[in-house]
Amino acid sequence: MSTSVVPLSVHGVWLALPAPSLVEILGRCTWVPVAGAPAELPGVIAWRGRAIALLDLGRLMTGAEALQPGESRRRTLVVAQDGCTLALPVDEVREVQELADDRVHPASATQQRFADREVEIDGVPVPLLDPAAIIGSFAASEPAT
Amino acid sequence: VKFRSQEVALLVVPAGKVQVALEAARVLSIVPERTWEGAPPLDLLAATVGGEAPRDSDPRVLLLARDNRPALPIKTGGILHMQKVARDAMLPLPELLARFVPWLSSVVADGKTPLLVVDCARLGGSS
């Protein structure tokens with residue numbers, strides 16, 4: 001058995017995303033800020049005739065910086081999980097890595113939210129994002145009143 | 001058979017880097033605020049994008065029709081204009097965001113200043 005992941009970076013912070021959740025890699029996308037939305041989901045982009053929420057990993061990850069209105073990143077990953085589609089602006093994406101299961105561990109050397117596991121890429125431990133946990137956290141959170 | 005128009009007329013209010021839009025068909029009247037004698041109007045920009053009407057503008061009160069509810073007076077300023085938008089250019093808000101932003105029904109992102117289209121039924125509370 002193996003695990004497929006896509007390495008990505010945001011503001012110099014490297015992360016890995018499970019490859020099966022990746023739908024498309026777009027270039028730089030302009031996004032529409034939505035007042036009142038959670039800071040981690042600050043707006044939407046138009047994609048295939050609909051609006052999808054933008055997830056700012058810079059807000060979620062330690063060591064990264066938040067996107068500002070009007071700012072974008074070089075690549076935009078479209079990720080689908082549990083019927084929900086998100087756009088993730090990132091600075092860099094690398095090719096899919098097929099990792100043997102012994103290169104996937106519970107997180108110990110890395111500490112990032114929504115990354116209970118880490119993977120070894122070129123001998124370096126990288127947090128493995130859990131898209132279901134990210135989406136679940138917003139589905140469970142209460143809107144501000 | 002009823003055919004839906006392929007275009008929707010929107011009344012557009014400038015709000016900085018975005019614009020707030022209302023379905024024009026819902027707007028029953030527009031009067032200067034100084035002549036308005038009804039209930040205190042809801043400030044549109046404060047209730048939506050959190051901004052304020054330009055100070056030098058002449059505030060107006062728009063009376064909005066709502067299904068099965070009394071018409072809602074709202075206050076706004078700035079230069080209002082009408083814009084026709086293709087119905088399929090109005091992108092519904094994704095479910096994940098919709099519950100955080102109940103006033104917003106759809107977004108128009110056509111490369112110009114984005115339009116945030118207000119759900120008039122939810123403006124001013126859902127009750």
Side-chain angles (χ1 to χ4, degrees), chain A residues 21 23 26-56 59-60 67-72 76 78-89 114 131-145, chain B residues 6 8 10 12-22 42-53 76 78 83 85-119 122-127:
Chain A
S21 62
V23 177
L26 308 172
R28 193 181 290 278
C29 288
T30 55
W31 55 284
V32 178
V34 172
E40 298 87 350
L41 300 172
V44 296
I45 71 162
W47 180 72
R48 296 187 185 177
R50 60 188 171 124
I52 60 174
L54 178 137
L55 173 70
D56 183 7
R59 285 268 183 189
L60 290 181
L67 270 179
Q68 301 302 317
E71 186 185 2
S72 59
T76 306
V78 179
V79 172
Q81 180 76 42
D82 300 335
C84 183
T85 307
L86 295 171
L88 279 61
F114 306 111
I134 296 173
I135 290 167
S137 74
F138 292 111
S141 63
E142 289 296 319
T145 52
Chain B
Q6 297 304 302
V8 180
L10 299 173
V12 178
V13 180
K17 291 182 178 174
V18 296
Q19 303 176 97
V20 174
L22 303 160
L42 180 75
D43 187 318
L44 176 65
L45 296 189
T48 55
V49 295
E52 289 182 355
T76 189
Q83 185 171 332
V85 171
R87 195 175 287 279
D88 60 9
M90 296 170 64
L91 311 176
L93 203 62
E95 196 178 325
L96 192 65
L97 272 184
R99 58 199 210 88
F100 293 98
V101 198
W103 58 268
L104 182 57
S105 69
S106 60
V107 172
V108 179
D110 58 3
K112 302 169 196 161
T113 307
L115 288 176
L116 304 180
V117 183
V118 171
D119 182 343
R122 287 176 170 256
L123 202 57
S126 55
S127 60

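Residue numbers start from 1 in every chain, and the chains themselves are labelled A, B, ... in the order their sequence lines are given, proteins ahead of strands. Bear in mind that the values here come from a model prediction, so they are computed numbers and not experimental data.
For B:Val49, the parts lying near chain A are the backbone and the side chain together; criterion is any non-hydrogen pair under 4.5 Å. In this structure, chain B has no heavy atom under 4.5 Å from any part of A:Ile45. Looking at A:Ile52, the atoms closer than 4.5 Å to chain B (heavy atoms on both sides) all sit in the backbone: N, CA, C or O. Heavy atoms of B:Thr48 lying under 4.5 Å from chain A belong exclusively to its backbone.
Looking only at side-chain heavy atoms (C-beta outward), A:Pro33 and B:Val18 come within less than 4.5 Å of each other. B:Leu91 is not listed as a side-chain neighbour of A:Val44, based on a closest heavy-atom distance of 4.5 Å or more.
For the pair B:Trp103 and A:Ala35, the tightest heavy-atom approach, listed with the atom from each and the gap, is CZ2-O, 3.8 Å. What you find for A:Ala53 and B:Pro94 is that their closest heavy atoms are N-CG, 3.6 Å. Heavy-atom minimum distance, A:Ala51 versus B:Pro92: CB-O, 3.5 Å. Annotation for A:Pro38 and B:Leu97: closest pair CD-CD2, 3.9 Å, computed over non-hydrogen atoms. Between B:Phe100 and A:Phe138, the shortest heavy-atom contact is CZ-O, 3.7 Å. The shortest non-hydrogen separation linking A:Ile135 to B:Leu96 is O-CD1, 4.2 Å.
More than 12 heavy atoms of other residues, nucleotides or ligands sit less than 6.0 Å from atom CD of A:Glu71.
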